[in-house]
Amino acid sequence: MILRGSVLYGADDMVGDWVGRQIEGYISTPGATALGVVKGGRLVAGVVYERFNGFHCEASIAARAGTSWADRATLFALFDYPFGQLGCEAVTVLVPGSNLSSLNLATKLGFEPQAIVNFAAPDGSPLIVLQQFRNTCKWVSYGQGQEQRTGGT
């Protein structure tokens, strides 16, 4: 395990299991990569990246309620994994329509709604499919200056 800033690398199973306990009905797939966010010595958030196909992956994001985990440095690190290291063009998150706090977080992070799948969430609400694209992601950094990508590929 390696802790860089507040981001924990190399603890895929532990972080994946923690995310699974936070999200109803979620179980990470074997071989998924999970990054944790540690504040005050505690795991307070986690992102599991899975089903990478060369261009796209899915992410599941969970955070402990009431924690300030999403600072700029952390977000740059979390988005660098799919876009910088894997070379993804898009990342998808699936959020129950009934989970307004998660929908709010996803849209603030820059995910855009793409589809609604009725009755697909574990609680019977619609499942909202949101995506973040590499060429419009404000959290993609290049070099030491963490320059924001402004367009193109």
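The figures that follow rest on heavy atoms only: side chains count, while hydrogens, waters and symmetry mates do not. None of these values were measured; they are calculated from a predicted model.
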Asks: So, Asp123 and Ser98: side-chain donor and acceptor under 3.5 Å apart, yes or no?
Replies: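 The answer is yes; a qualifying pair exists.
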
Asks: Should Val48 and Leu127 be counted in the same cluster of Ile, Leu, Val, Met, Phe, Trp and Tyr side chains packed under 4.5 Å apart?
Replies: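 Looking at the clustering, Leu127 is in a separate group from Val48.
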
Asks: Under 3.5 Å, is there a donor on one side chain and an acceptor on the other for Ser101 and Asn104?
Replies: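 Their side chains do not contain a donor-acceptor pair, so the 3.5 Å distance test is not met.
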
Asks: Do the side chain of Arg4 and the main chain of Tyr9 share a donor and acceptor less than 3.5 angstrom apart?
Replies: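 Side chain of Arg4 to backbone of Tyr9: no pair is present.
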
Asks: Measure across Ser125 and Gly97 and return the closest heavy-atom pair with its distance rounded to 0.1 Å.
Replies: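 Looking at all heavy atoms of both residues, the shortest contact is OG-N, 3.6 Å.
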
Asks: For a 4.5 angstrom cut-off between non-hydrogen side-chain atoms, does Arg134 reach Cys88?
Replies: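 No, every pair of side-chain atoms sits at 4.5 Å or beyond.
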
Asks: What residue pairs, at least two apart or across chains, pass ring-ring contact (aromatic ring centres under 6.0 Å, His included) with a residue in residues 46-74?
Replies: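 Found Tyr49-Tyr81.
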
Asks: Testing Leu109, Leu94, Val93 one by one against Leu130 for a side-chain contact (heavy atoms from CB on, under 4.5 Å), which residue passes?
Replies: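 Testing Leu130 for a side-chain contact (heavy atoms from CB on, under 4.5 Å) against Leu109, Leu94, Val93 leaves exactly one candidate, Val93.
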
Asks: Measure across Cys57 and Pro82 and return the closest heavy-atom pair with its distance rounded to 0.1 Å.
Replies: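 So the two residues come closest at SG-CB, 4.0 Å.
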
Asks: Between the main-chain N or O of Ala62 and the side-chain N or O of Gln22, is there a donor-acceptor pair closer than 3.5 Å?
Replies: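 Judged by distance alone, no pair lies under 3.5 Å.
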
Asks: If Ile, Leu, Val, Met, Phe, Trp and Tyr residues are connected whenever their side-chain heavy atoms lie under 4.5 Å apart, and connections chain through other members, are Met14 and Val38 in the same group?
Replies: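 Yes, Met14 connects to Val38 through the hydrophobic network.
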
Asks: What I'd like to find out is whether the side chain of Ile128 reaches to under 4.5 Å of the side chain of Asn99, using heavy atoms alone.
Replies: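 The answer is no; the side chains never approach within 4.5 Å.
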
Asks: Looking at CD of Gln131 and CD of Glu89, how far apart are the two atoms once the value is rounded to the nearest 0.5 Å?
Replies: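 Those atoms lie 11.5 Å apart.
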
Asks: Return the CD1 to CG distance between Ile27 and Asp17, rounded to the nearest 0.5 Å.
Replies: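 So the gap between those two atoms works out to 10.0 Å.
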
Asks: Measure across Gly16 and Ser28 and return the closest heavy-atom pair with its distance rounded to 0.1 Å.
Replies: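 For Gly16 and Ser28, the tightest heavy-atom pair comes out as CA-OG, 4.2 Å.
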
Asks: Under a 3.5 Å distance rule, please check whether Thr107 uses its side chain to pair with a backbone N or O of Leu103 as donor and acceptor.
Replies: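 Here the side-chain-to-backbone pair exists.
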
Asks: Heavy-atom distance under 4.5 Å between the side chains of Asn118 and Ile116, does that happen here?
Replies: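 Yes - at least one pair of side-chain heavy atoms lies under 4.5 Å apart.
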
Asks: Does any non-hydrogen side-chain atom of Ile23 lie less than 4.5 Å from one of Ser60?
Replies: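 Of all side-chain heavy-atom pairs linking Ile23 with Ser60, at least one is under 4.5 Å.
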
Asks: Do Leu8 and Met1 touch side chain to side chain, with heavy atoms closer than 4.5 Å?
Replies: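 The answer is yes; the side chains approach within 4.5 Å.
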
Asks: Taking the side chain as every heavy atom from C-beta outward, state whether Arg42 and Arg64 have any atom pair closer than 4.5 Å.
Replies: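 Sidechains of Arg64 and Arg42: in contact.
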
Asks: Answer with yes or no whether the hydrophobic clustering places Val7 together with Val19; edges join I, L, V, M, F, W, Y residues whose side-chain heavy atoms lie under 4.5 Å apart.
Replies: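 Shared cluster, no.
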
Asks: Exactly one of Phe83, Phe133, Phe111, Phe76 should register a ring pair (Phe, Tyr, Trp, His ring centres under 6.0 Å) with Trp139. Which one does?
Replies: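 It is Phe76; the other options fail the test.
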
Asks: Is the closest side-chain heavy-atom distance between Val117 and Val129 below 4.5 Å?
Replies: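 Yes - at least one pair of side-chain heavy atoms lies under 4.5 Å apart.
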
Asks: Give me the atom names and distance for the closest heavy-atom approach of Val47 to Ala59.
Replies: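 Nearest heavy atoms, Val47 then Ala59: CG1-CB, 4.1 Å.
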
Asks: Cluster question for you: counting only ILVMFWY and a side-chain heavy-atom cut-off of under 4.5 Å, with indirect links fine, are Phe79 and Val15 together?
Replies: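 Per the 4.5 Å side-chain linkage, Phe79 and Val15 are not co-clustered.
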
Asks: Taking Asp12 for the side chain and Thr33 for the main chain, is one N or O donor matched with an acceptor at less than 3.5 Å?
Replies: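 It does not hold such a pair.
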
Asks: State yes or no: do Tyr26 and Leu43 share one hydrophobic cluster built from I, L, V, M, F, W and Y residues joined by side-chain heavy-atom distances below 4.5 Å, directly or via other members?
Replies: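 Linked within one cluster.
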
Asks: Can a side-chain donor-acceptor contact be found between Thr92 and Glu58 if the only test is distance below 3.5 angstrom?
Replies: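 No, no side-chain donor-acceptor pair sits under 3.5 Å.
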
Asks: I'd like to check Val37 versus Lys39 (side-chain heavy atoms, cut-off strictly below 4.5 Å). Are they in contact?
Replies: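 Heavy-atom side-chain distance check passes, below 4.5 Å.
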
